[in-house]
Amino acid sequence: MNTTSSMSNEQIVSQVNDLMHTGFEIPRDKLVPTATLFDDLGMDSLDAIDMLVHLEEKLQIKVEGERLKKVRTLADIYGLVGEVAIPSLQPQSEQSH
Amino acid sequence: MKVFITGMGAMTSLGNSVDEMFQGLLDNRTGVRAYPEWAQHKGLFSYLGAPAPDFDNMKIPRAARRSMSRMSELATMATIQALQQADLPIGEGLNSQRILLCMGSTTGSPVILELYFRKLFEKGGPEGQLSTSFFKVMNHSVPANVAAALGFHGPLLSPSSACSTSAQAMILGWELIQSGFYDIVIAGGADELHYITAAIFDIVQAASRGYNDRPELSPRPFDRARDGLVVSEGASVVVLESEASMKKRGARATVEFCGGAYVCDGTHMSQSNASTMTEVMKLALTRANRNAADVNYVNAHATGTQQGDSQEVAAIREVLGGNVPVSSLKGHFGHSLAACGALEVIASVKMMENNVLIPTRNLVEVDPECAGVAHVQQKREARIRTVLSNNFAFGGMNTSLLLSSGK
């Protein structure tokens with residue numbers, strides 16, 4: 001697993017929110033740090049897994065699947081990405097599905 | 001017990017509704033276009049396909065759409081159309097253990113299958129696979145996704161027999177209504193366009209290769225210059241309903257679904273067999289309680305292949321003689337595989353309603369091997385009382401069914 005990051009918190013928030021909006025069609029005004037993935041953003045376990053796959057591909061990071069089980073809010077996602085993001089890689093283009 | 005068609009939905013290469021589709025037939029349009037980019041695929045020599053026009057798939061909620069490939073999206077849209085015409089509710093009101101959802105496809109999504117395995121080989125394992133990919137490639141992807149989109153939690157079956165899939169779904173539905181298990185069966189099929197589908201037929205030299213630069217001229221069912229089929233895509237769905245249920249609901253019938261039959265060759269995977277075609281047509285007549293003399297239009301399966309077309313003509317001649325009008329709609333639609341059976345039933349219903357016979361597009365000179373039946377080569381008015389519709393498929397699958405307008 002990779003740790004530390006050259007990405008700023010703002011960049012992480014931007015990248016994650018872009019994915020949530022384009023990939024999962026969640027309105028941007030709902031993308032607040034305290035929003036819970038399941039109750040507030042309408043996601044479920046399949047979405048959570050696919051979100052992780054997209055994040056790993058988009059940001060060239062690797063997250064242990066077990067860590068996903070502890071994620072509850074969007075802020076938890078920002079934190080998880082911040083911990084494992086690789087400094088040298090630039091974000092890739094968006095993918096929707 | 002009589003069974004009627006009370007709803008129809010179609011997403012086709014001629015348009016994304018039953019009315020658009022039928023207008024395309026009346027206008028003698030083709031859905032076929034050239035795919036010169038398919039030339040990059042080594043060993044593929046057929047570069048024709050007939051796609052369904054783009055549509056607004058955002059009408060399907062994301063939670064349902066995320067596990068759908070294009071074929072499931074097409075099927076969902078067609079099912080909604082059929083339910084609307086049948087005046088059946090979409091959602092909780094549809095749920096009943098007396099309603100069967102019965103539809104299928106040739107395979108799971110070929111588009112996603114390619115992406116799935118491409119990534120699997122690139123990564124050397126399942127790393128990076130989306131959790132939703134499997135739900136697009138599993139064999140019952142189409143009905144499972146349609147059910148999820150509609151919120152339907154009644155009985156579901158997924159018959160799959162390639163190009164006879166939706167014909168079998170309808171005949172099975174008719175059997176199960178006759179048997180008293182269900183009042184209503186929502187039956188159909190769907191497939192999506194992909195070069196590998198063209199390749200499947202091209203490998204066995206059954207796909208059209210000679211008209212890559214003139215897509216409007218192929219396929220050519222029964223024509224002397226035919227050189228194979230053209231793959232298409234789409235979804236078609238009919239609502240079959242018992243007479244008792246129809247009367248109870250006050251539903252309006254289009255035509256009677258008189259019955260049908262399916263018989264397999266058990267001899268060869270790809271070579272059509274006039275003998276079994278004859279057998280299945282005779283069996284369908286018997287099961288539908290109709291005589292050969294009742295039939296006044298045959299909607300042929302004829303896809304434009306050398307052997308399939310001539311074998312079907314031989315069977316029609318044997319069962320019905322040479323005077324019953326015969327046409328195939330593959331020259332308009334291309335071959336929509338799992339969708340074609342129900343699609344051709346829907347087109348036949350529209351022909352009956354509008355008192356018109358649609359000709360075989362691109363049939364200019366009847367091949368001597370396909371002679372001896374009354375080919376429809378020009379659109380013409382006709383009062384159509386009873387239709388016999390054939391569909392055949394790889395694997396030696398043979399189906400035949402009958403419709404009656406009651407006129």
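To find a chain, count down the sequence lines: A is the first, B the second, and so on, and within it residues start at 1. These numbers come from a predicted model, not from an experiment.
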| said: Using every non-hydrogen atom in the two residues, find where Val53(A) and Gln129(B) come nearest and quote the distance to one decimal. | reply: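 That would be CG2-O, 3.7 Å.
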
For Phe38(A), does the CZ atom sit with more than 12 other heavy atoms under 6.0 Å from it, leaving out its own atoms? yes

Fill in: Asn57(B), CG: over 12 other non-hydrogen atoms inside 6.0 angstrom
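Counting other residues, nucleotides and ligands, CG of Asn57(B) exceeds 12 neighbours.
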
Under the ring pair (Phe, Tyr, Trp, His ring centres under 6.0 Å) test, residues paired with Tyr116(B) that sit two or more places apart: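 None.
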
task: Apply side-chain contact (heavy atoms from CB on, under 4.5 Å) to Leu156(B) and list each qualifying residue two or more places apart in sequence or on a separate chain.
output: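 Testing Leu156(B) for side-chain contact (heavy atoms from CB on, under 4.5 Å), a comparison that skips the adjacent residues, returns Leu101(B), Pro143(B), Ala147(B).
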
I'd like to know if the side chain of Asp50(A) reaches the main chain of Leu130(B), judged simply by a donor and an acceptor atom lying under 3.5 Å from each other, with no hydrogens or angles considered.
no

Q) Please walk me through it: do Arg62(B) and Ile26(A) pass side-chain contact (heavy atoms from CB on, under 4.5 Å)? A) CA-CA 10 Å; Arg62(B) 188 198 71 84; Ile26(A) 299 170; 5.8 Å; no

Can you check whether Arg65(B) reaches Glu25(A) side chain to side chain, under 4.5 Å on heavy atoms?
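Yes, at least one pair of side-chain atoms sits under 4.5 Å.
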
So how far is it from Glu57(A) CD to Glu127(B) CD, rounded to the nearest 0.5 Å?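 Here the interatomic distance stands at 9.5 Å.
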
When the 4.5 angstrom heavy-atom criterion is applied to Leu46(A) and chain B, the contacting part is both

